[in-house]
Each structure stands twice: as C-alpha cells, then as structure tokens.
Amino acid sequence: MEEQTKAAPRGAAAHDSMLRGGLKFTHLRMIVALDEHGSVSAAAETMNVSQPAASRTIAEMEQIAGARLLERLPRGVRLTPYGQALARRARSILLELREADREISDLRSGTGGTVNIGAVTAPAIDLAVPAIRELRARHPRLEISIQVETSNVLARELLASRHDLIIARIPEDLNPRLFESRVIGIEKACLIARRGHPVLGARKVPLEKTAAFDWVLQPSGSLLRRTVEQHFIRHDVPLPERILNTSSLLLTLVMVAQSDAIAAVSIDVARFIRQSLGGAIDVVPLAFEIEVQPYSLITARNRTLSAAAIMLRDAILKRIR
DNA sequence: ACATTAACGCGATGAGCCAC
DNA sequence: GTGGCTCATCGCGTTAATGT
C-alpha cells in the first residue's frame, strides 16, 4: 500500500513537470530563438535582454525540463534532441497564441474575421477567387488576403502560420506529416506564345522547334517547371538555354506578349488569358498533353482553423464536389 | 569569441500593522 | 471592512569577472 502511494504518478499526471515547474512564455520564446540563431548572445539580442539573462533563462528551462537542452560548442550552441523537441512544441504553442490574438482582435474590431489563403496560379483563378467572391457576398466585412506563389513557398508560409490554408502541392523536401491535405484537382499545362509567333504555323508543333526561343518558366525546382523539363528529356530534346525565371504571371504574360518568348502555364490560366486579353496570346498546339501532379487543399496538422478560415475552406470544397 | 557565474539594483507583490 | 503605509521577499534585469 505504502509502495503504491510512493509510486510515480501515471498517465497525464506523470508528464506535467513543465507545468508544475513553472515553464514560462519567456522560456518558449527563448528555445525558439536559440533554435533559429544557434547562439545564446544572438537569441538574447532578439529578445532584448542581456546575454547573462538569456543564460539564466536557459538554466531554468533545463532545470524544469530535467534534461540538457543545449550542447555548448566552441562557437555558439546547438539544440540536443530534447531541445529540438521542446522548440518544435514551443513553436506550435506560440503560433496558437498568435492565432488566439488574431481571433480576439477580430472579435474586438468587429471585422468578422480575417483569413489568409495561398494558392498556385491555376486554382487561384479557378477555385480561390470564385470562393472568395461567394464568401464576400455573404460576409462583406471579412478581410481576406490571397498570395499566389509556387508550392515550395506556400507550404513554408503555411508552416510559419502566415496562411490558414493553401491550394498547392506538398513539396518533396517537407515532411507530409506536418500537413493535412485533400486532393481537389488535376492540372494540365500548355505552352503559350504571342499571336503570330513563328512556331504557331504548324498543326502540331514539335518540342524541338520551341527550344530555340526564349522561355519564361517558374523558378527552378517548382513542379510545373520540372514537369515541362521532363517532357524535354523524355522526347530527347535539349532543354531550352535562354530562360527567364519568374513566379509572376503578370511578368510572364508581358514577356510572352511583347517578345517571341514561350511560357508554360496551366490550361485554366491559358483559357482565362485568351478570354481576357482578346487574343493577344495563343496556345501552342502540341502532339502531347502536359499533365502536372494534382494539387490539394492543405492545412497545417494540429492547427485549429478560425471560423473565417473554415468558411472559406467549405466554400472551396463546395465548388469541387 | 562566447558562455557562465557572482554580485547587485529595481520594481512588483504580499504580509503585517494601524487609523478611520 | 477598507484604505494607506512600511518592509521583506521575489523575479528579473544589469555589469563585471571568470571559465572554456
């Protein structure tokens, strides 16, 4: 009986040393700053305290955690696996607090909420914009921000809590477990050129004919670009040599309209351009289709969406059913 | 060069006491 | 019971000295 009462507490109660030990907001900010800067003095500077104060904060954290959180190196410090675990959790707690801050601020200001969405170009035009239009009609005071970028950029922005949700693909170099995603659309791409472009004479333009011209492509490593490059490799055609890298659709269109440059864009984008620009730009007819990996509606795992973000997500999902 | 430790200062807080 | 005052304590910051 005596042994029983002396035994370590079980379940959740066995893992509350952080709470009982008095882990503070400052500690969370410090471990994140240490992870980002790799030095106590740099972390201290970002938190506007002296370096010894930071050192004492670290000692407190290690005392509370009951584990060594940092390796002291000749130049700076490095987080131990314990430190990394705490930093990861601390980041998520701080992000949640930021979200709570935003939600309270929305409620106080009576704006009806804010929502930040990111999307790659095609679904931005085809899905995000119509969903936003619909939402705005129902909730005119809702503040909505949209960023159009490549999946690489958007996924990182999502993890940094700068977006509530994105329509993109999870980049190969990021852990898919960090996200919750649902495939919502396939994307086909095509090549575009200005009306009257030399390649447009043929019924089916062979790829090798296009390689000699300037190209406008998304930055290296982006999915659309990789897909296009794979077509060149598969058809045994040397890759274009003169490439302008940009993720800006506007710049792409200007380049294509004002020069002999060829660009790769999604079919949805091309359709929109043809309708809107009065035929200044044409689709290059190819003998094959360019299929890009499907895109998904992606949110950060373990992050609760605000009411405004849920409304936008539902408006998007409604359009694909 | 960078981290830790020691000594100290300052402001916030709570306990104890007293007057009203 | 309430408000005002004093004082001890605590938390958290600093600088200076010391260690790696």
Side-chain angles (χ1 to χ4, degrees), chain A residues 2 4-111 113-114 116 152-153 155-164 171-175 177-178 220-221 300-306:
Chain A
E2 183 71 12
Q4 194 103 38
T5 53
K6 278 185 179 174
R10 288 178 198 172
H15 300 295
D16 64 352
S17 69
M18 300 274 187
L19 290 172
R20 279 188 289 115
L23 196 80
K24 298 184 187 77
F25 189 58
T26 313
H27 295 134
L28 301 180
R29 287 177 59 219
M30 179 59 76
I31 194 78
V32 170
L34 287 163
D35 192 24
E36 280 170 4
H37 294 95
S39 110
V40 175
S41 46
E45 200 180 326
T46 61
M47 291 184 64
N48 289 320
V49 295
S50 68
Q51 188 269 316
S55 189
R56 195 160 61 189
T57 306
I58 295 163
E60 284 167 7
M61 266 194 294
E62 292 188 320
Q63 170 78 32
I64 292 165
R68 199 81 168 150
L69 301 174
L70 303 180
E71 274 179 70
R72 278 71 175 171
L73 307 170
R75 297 227 177 251
V77 292
R78 181 169 54 215
L79 266 58
T80 63
Y82 303 116
Q84 285 168 11
L86 181 58
R88 195 176 62 246
R89 299 287 179 177
R91 249 193 206 95
S92 146
I93 292 165
L94 293 173
L95 289 174
E96 276 294 314
L97 279 172
R98 199 193 297 169
E99 287 302 299
D101 191 24
R102 190 176 85 178
E103 215 163 321
I104 288 168
S105 155
D106 287 343
L107 287 169
R108 280 160 60 112
S109 64
T111 57
T114 59
N116 299 311
N152 276 337
V153 174
R156 283 167 173 79
E157 298 270 295
L158 177 67
L159 290 180
S161 214
R162 283 189 279 272
H163 289 312
D164 296 299
E172 282 169 15
D173 60 328
L174 290 180
N175 182 356
R177 289 174 206 275
L178 298 172
S220 202
R301 192 174 290 267
N302 298 330
R303 196 188 311 154
T304 42
L305 289 178
S306 67

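Note that the coordinates shown come from a computational prediction; the quantities given were computed from them, not determined experimentally. Because only heavy atoms are used, hydrogens play no part in the values below, and waters and symmetry mates are left out as well, while side chains stay in.
- Side-chain atoms of Thr57(A) come within 3.5 Å of backbone N or O of Ala53(A) as a donor-acceptor pair.
- Distance, Leu69(A) CG to dA3(B) P: 15 Å, rounded to whole Å.
- Between Leu178(A) and Arg301(A) the shortest side-chain heavy-atom distance does not fall below 4.5 Å.
- Note: CZ (Arg78(A)) to P (dC2(B)) measures 16 Å, nearest angstrom.
- Contact check of residues 28-37 of chain A against DNA chain B (heavy atom, cut-off under 4.0 Å) returns no residues at all.
- In terms of phosphate contacts, Ser41(A) brings a side-chain nitrogen or oxygen within less than 4.0 Å of OP1 or OP2 of dA3(B).
- If you measure from atom NE2 of His27(A) to atom C1' of dC12(C), you get 11 Å, rounded to the nearest angstrom.
- Residues Lys24(A) and Pro52(A) each lie close to DNA chain C; by heavy-atom proximity, the contact nearer the 5' end of the strand is made by Lys24(A).
- Per the geometry, CD belonging to Glu71(A) stands 15 Å off C1' belonging to dT20(C), to the nearest Å.
- Here the P atom of nucleotide dA6(B) and the CZ atom of Arg56(A) are 12 Å apart, to the nearest Å.
- One finds the CG atom of Asp35(A) at 11.5 Å from the CG atom of Leu69(A) (value rounded to the nearest 0.5 Å).
- Of the possible donor and acceptor atoms, one in the side chain of Asp164(A) sits under 3.5 Å from a partner among the backbone N and O of Asn116(A).
- Between the Glu62(A) side chain and the Leu70(A) main chain, a donor and an acceptor come within less than 3.5 Å of each other.
- Atom-to-atom, CD of Gln51(A) to P of dA16(C) comes out at 14 Å; the value is rounded to the nearest Å.
- Although no hydrogens or angles enter the test, the distance criterion places a donor-acceptor pair under 3.5 Å between the side chain of Arg156(A) and the main chain of Asn152(A).
- Ser39(A) comes within 4.0 angstrom of sugar-phosphate atoms only, judged by non-hydrogen atoms across all strands, and of no base.
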